[in-house]
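Ligands are counted one by one from 1 in listed order, and the atoms in each one are counted from 1 as well.
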Amino acid sequence: MLISVIIPAYNEAKGLKSCMEQTVNILKDLEISYEIIVTDDGSTDNSWNILQDITKDYSALTAIRFSRNFGKEAAIIAGLTQAAGDAAIVMDADMQHPPKLLTEMIRLWEKENFLIVEGVKESRQKESWLRRIGAETFYSLFTKTSGIDIRHSTDFKLLDRIVIDQYLALPERGRFFRGLTAWLGFPKASVYFVPADRLESGSKWSIGSLVRLARRSLISFTNMPLRLITWFGLFTFIGSFVLGIQTLWNKFSGRAVDGFTTVILIQLALGSVIMFSLGLIGEYLARIFEEVKCRPLYVISDVEPKRSKKDEK
Ligand code: UDP
Ligand code: MG
């Protein structure tokens, strides 16, 4: 049995060493075979030099370096692709995901056969109100529009080999690790933790990059914005109808200025036709979007007689 620990790292020079020490200590105590894969996501500090140094001390460590900053999602995928384990654990490099939880995560996977073990934050760490409100809005919008509840989810996760293979086989390019692992399904267990204070001050994510991430994640999981156009169309039509009747009433009761009625009616008719047409195009666009994402129609978790990789060994 092999466990792969995957650590995306971007400008984590200060914490990498102690992160590695603590993680290795925990894994050693478990007496299992393990590998650790750190993806340096194009750090601009000396993270890479440190990584090169510590690969000499830890034979189980593989370090991958990106040519530039490609983002955490890409760093996770690079790690998962490289991983050979029967299970992989994705963990932050800044020690906000306590390595001591690895023990419990591995136990739940090994002994209780959960295919995904999620780290769940018991409280959000100290953050500015802007980030807090932003996060809350995003999570509630995401949960309501996509039907996938990721409100308590984090990227701190253990995935069984079956899940890793399914995740890597997904053809879509715009990835959202938390959303997609939830979408894949599979039996899940949770372990709870209070995120430790950051080693360095501040998150690596700027407000701008968080907003971009939120927008992309939402759009790849829901057609809601496109559907909204149809509803706007309906409301405009109802509004136009009422206004149209009122305009005609004014005309026939002789209270309308010459020509005014025609202008208003044409405006209203065109307005609703345009809105409806956009809505219609939106519906097709939504379908096309579903198709190009090429998400599988279902995900199989087991076949009888057993054929899963874990059992072959
Ligand atoms: N990270 C990364 N690429 C980035 C930004 C962050 O690989 O472009 C890594 C970072 O080094 C850390 C993890 O992703 O290991 C989480 O980042 P951070 O702690 O800044 O985010 P937060 O704690 O707010 O989730
Ligand atoms: Mg962090």
Ala93 versus ligand 1: do any nitrogen or oxygen atoms come within less than 3.5 Å of each other? yes
Could you check whether the rings of Phe276 and Phe237 sit parallel, tilted or perpendicular, using 30° and 60° as the cut-offs? tilted
Run the salt-bridge test on Glu118 and Lys188 with the 4.0 Å N-O cut-off and return the result as yes or no. no
Hey, looking at atom 8 (O) of ligand 1, which of Asn69, Val38, Asn11, Val90 has the closest heavy atom? Asn69
About how many Å separate CG of Leu30 and CG of Leu102, when rounded to the nearest 0.5 Å? 7.5 Å
A student checking ligand 1 against Asp41 at a 4.0 Å heavy-atom cut-off should list atoms 2 (C), 3 (N), 4 (C), 7 (O), 8 (O)
Show the atoms of ligand 1 that are less than 4.0 angstrom away from any heavy atom in Asp94. 18 (P), 19 (O), 23 (O)
Sequence neighbours left out, what passes side-chain hydrogen bond (donor to acceptor under 3.5 Å, both in side chains) with Ser206? Give chain and number order. Ser209
How wide is the angle at the Mg ion (ligand 2) spanned by Asp94 OD2 and Gln96 OE1, rounded to 10 degrees? 100°
Check: of Lys72, His97, Glu12, Gln96, min heavy-atom distance to atom 12 (C) of ligand 1 comes from Glu12
Side chain, backbone, both or neither: Asp92 near ligand 1, heavy atoms under 4.0 Å: both
Check side-chain hydrogen bond (donor to acceptor under 3.5 Å, both in side chains) between Asn69 and all other residues, then give those that pass, not counting sequence neighbours. Asp41
Side chains of Ser43 and Glu12: donor-acceptor distance under 3.5 Å anywhere? no
Looking only at distances, can you tell me whether any N or O atom of Pro8, backbone or side chain, sits closer than 3.5 Å to an N or O atom of ligand 1? yes
